[in-house]
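Everything on this sheet refers to the single structure shown next.
Proteins get letters first, then strands, A, B, ... in listed order; numbering begins at 1 in each. As the structure is a prediction and not an experimental result, all values here were calculated from the model.
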Amino acid sequence: MKSCIVPPNRATLNVTSLMLKVLPILLGILLSARVARAQQTADPADQDKQTIRVLLQRVEQLEARVTQLEAARQGVPAPAPTQVSQQATTPSEAETEAQAEQPSEPERMDLSKTLLRMRGFGDITLHGDNNKGDTTSFSLGQLNLFVTSDVSEKFKFLTEIVFEAGSDNAVGVDVERMLLQYSPNDYFNLAVGRYHTAIGYYNTAYHHSTWFQTTTGRPFLFDFEDKGGPLPVHNVGVSASGLIPSGRLGLHYVAEVGNGRASRSPASEPVQNLVDENNHKAFNLAFFARPESVRGLQAGFSVYRDVLAPANSPRIGETILAAHAVLVRPKFEWLNEALVIRHAPFGLSHAFETPGFYTQLSKQFGSYRPYFRYQYMNESDAEPVFPNIGLRHGPSVGLRYDASESVAVKLQYDYTQLRRQEAIHGLALQVGFTF
Amino acid sequence: MQFGPRVLVMFVAAVLLLKAAPGRSFGGAGYAQTTSGQSLAIIVNQSNPVENLSFTELRRIFLGERSHWPNGRRITLVIMPPGEPERDAILREVCRMNEKDYNNHFLHGLFTGEVFASPKTLSTPVGVRKFVFNVPGAIGYVRTADVDDSVKVLRIDGLLPSDKDYKVQMQARPAK
């Protein structure tokens with residue numbers, strides 16, 4: 001008899017395989033019989049349901065048994081993952097070990113995993129000043145969710161999603177940065193999306209995190225557009241950056257092309273996220289050096305050019321020249337930036353120039369970092385784009401206390417002189433944190 | 001300015017409260033003295049064409065300021081977890097930072113977009129070696145006693161770990 005020469009295990013396997021084939025047919029017959037009976041009579045189907053349940057359980061048991069027998073016949077309990085998969089995903093020895101313990105299954109997308117990494121920043125401030133109309137208030141700062149994702153070896157995604165309360169106390173959401181970065185080498189990196197314009201140093205060093213900043217806030221030169229800042233801090237377009245082969249000088253470049261700032265109406269959203277109000281694009285070109293000989297030193301300049309088109313007035317050429325020299329070390333910081341914003345209405349011989357600068361000095365003593373900043377900005381009253389800024393200058397002094405690696409408490413006093421107005425004394429207590 | 005004294009008092013109270021709260025020190029962990037007199041070998045994948053790095057280039061790589069090898073392959077930095085003597089030595093000798101500053105540096109670099117990828121952390125020298133063996137763009141460090149033929153040891157400023165004046169030492173060099 002043929003079955004006599006078949007090894008017992010194999011015989012069992014054949015029987016179970018046969019059962020596996022037959023059982024679905026039986027199930028089908030049972031189901032069709034049930035349907036037929038249901039059509040003919042109104043009997044409850046409880047008995048059939050119970051039978052089906054029992055049969056399904058039996059099928060599952062047999063499937064498990066078949067898998068077990070197949071593995072036993074091959075003599076390999078669970079093949080280890082391939083070398084390739086280890087190469088691609090081995091971030092830690094523990095994970096490699098975990099992979100080795102997993103049974104061999106066809107490769108498929110694991111939807112339970114995500115490529116996203118998230119970091120958060122936030123701050124809460126108590127502040128007050130003697131400016132008419134201002135009140136002493138607790139203020140929620142920007143709640144910043146910083147998300148990155150390694151899309152592939154050369155592509156990376158980065159975004160800053162900020163939740164922020166406005167002057168009406170309503171909380172809104174802004175995508176402050178959203179960039180897809182392509183990085184084939186150190187000399188050429190390309191990013192598309194919404195970025196912080198590389199004007200000067202501060203704007204691209206601290207973005208929307210007060211925790212990274214020594215002080216409670218940005219210099220007013222670099223205030224965000226929706227806070228009345230004079231610079232096109234954000235832009236939507238393309239940015240290229242990288243190293244310039246320069247040996248120990250450490251030269252870098254940044255070249256940007258974007259929509260620029262909206263200017264048709266003061267009520268417009270300043271960042272042109274979706275539609276540019278004209279065909280002209282804003283250009284920015286920056287160079288800076290990080291020489292090897294002085295650790296932490298960065299010095300550079302940038303040129304920004306755009307054409308603004310306010311409603312009911314001639315177009316205005318906008319040129320922003322900026323220069324900076326900063327020395328940033330873990331225990332010491334000295335930031336110096338100066339810039340000129342030049343607005344030249346077409347058809348007029350006169351141009352309006354707004355100079356501004358700030359210097360900021362701080363030194364760390366243990367967990368304490370006292371700091372000083374002096375800032376200055378002088379905009380003409382006849383300035384066609386920002387008539388309300390005027391002259392602002394004065395010192396700020398403060399103390400930052402790092403309560404832990406992730407929490408900083410800052411106390412800052414600001415004295416700001418204005419043109420033809422009473423000087424403003426302000427005091428702020430802020431807790432900034434990362435999470 | 002009636003708000004002034006109140007804000008000042010709240011700041012002082014907050015600082016005192018936070019100082020009084022129990023917590024671990026985070027200031028100087030990176031400067032802990034190591035006990036071994038061994039050198040640290042800088043290891044890369046055998047397929048990596050690079051044979052030698054200047055000390056400045058090594059520092060830039062370990063600070064995430066270089067993200068690609070000359071052949072275009074992305075650099076994957078492998079480090080050991082905080083508290084390991086090898087990591088302390090690298091932070092002290094190469095990065096010249098303590099643990100807190102190093103973490104802040106990488107967090108800030110990722111935030112600005114200048115650092116393309118954060119380092120991988122592996123807990124044992126064997127793990128570091130295996131990772132470097134498997135990942136063509138990887139660079140890591142192990143004690144010379146933990147080196148085997150599966151990885152390539154880089155020269156730093158033309159010197160191997162066995163050479164005199166090799167700079168990446170486990171033990172802090174005496175100040176000159």
Exercise. Taking everything shown except B:Asp148 itself, do over 12 heavy atoms lie less than 6.0 Å from its CG?
Worked result: yes
For this session: Under the side chain to side chain contact (heavy atoms under 4.5 Å, CB included) rule, what do A:Gln364 and B:Asp101 come out as? Steps first, then yes or no, please.
Result: CA-CA 12 Å; A:Gln364 183 101 19; B:Asp101 295 336; over 6 Å; no
Problem set entry | Sidechain-backbone polar pair: B:Lys100 side chain, A:Glu405 backbone, donor-acceptor under 3.5 Å | no
Exercise. Just by distance, do the side chain of B:His108 and the backbone of A:Tyr206 share a donor-acceptor pair under 3.5 Å?
Worked result: no
Seminar exercise, completed: Those residues of residues 184-201 of chain A that come under 4.5 Å of chain B on a heavy-atom basis, listed by number, are A:Pro184, A:Asn185, A:Asp186
Problem set entry | Per-residue contact mode, A:Glu160 against chain B (heavy atom under 4.5 angstrom) | side chain
Problem set entry | chain B contact via A:Lys154 - which portion, at a heavy-atom distance below 4.5 Å | both
Problem set entry | chain A contact via B:Arg73 - which portion, at a heavy-atom distance below 4.5 Å | both
For this session: Taking the side chain as every heavy atom from C-beta outward, state whether B:Leu107 and A:Phe212 have any atom pair closer than 4.5 Å.
Result: yes
Exercise. Non-hydrogen atoms of chain B under 4.5 Å away: do they reach the side chain of A:His252, the backbone, both or neither?
Worked result: neither
Exercise. Under a 4.5 Å heavy-atom cut-off, does chain B meet the side chain of A:Asn144, its backbone, both or neither?
Worked result: side chain
For this session: Drop me the distance from B:Ser118's OG to A:Asp150's CG, to the nearest 0.5 angstrom.
Result: 7.0 Å
Problem set entry | Interchain contact, A:Leu179 with chain B, by part (heavy-atom threshold 4.5 Å) | neither
Exercise. Between atom CZ of A:Arg119 and atom CG of B:Leu110, what is the distance when rounded to the nearest 0.5 Å?
Worked result: 9.5 Å
Problem set entry | Region of A:Ser241 that comes under 4.5 Å of a non-hydrogen atom in chain B | neither
For this session: State the CZ-OG distance between B:Arg74 and A:Ser183, to the nearest 0.5 angstrom.
Result: 8.0 Å
Exercise. Going from CG on A:Asp402 to CG on B:Asn104, what distance comes out if it is rounded to the nearest 0.5 angstrom?
Worked result: 8.0 Å
Exercise. Given side chains that start at C-beta, do those of B:Arg59 and A:Arg295 come closer than 4.5 Å, heavy atoms only?
Worked result: yes
Exercise. Given side chains that start at C-beta, do those of A:Arg177 and B:Phe111 come closer than 4.5 Å, heavy atoms only?
Worked result: yes
For this session: Determine whether A:Arg329 and B:Met97 make a side-chain contact, defined as any pair of heavy atoms from C-beta on separated by less than 4.5 Å.
Result: no
Exercise. Given that the side chain runs from C-beta out, which part of B:Thr112 has a heavy atom under 4.5 Å from chain A: side chain, backbone, both or neither?
Worked result: both
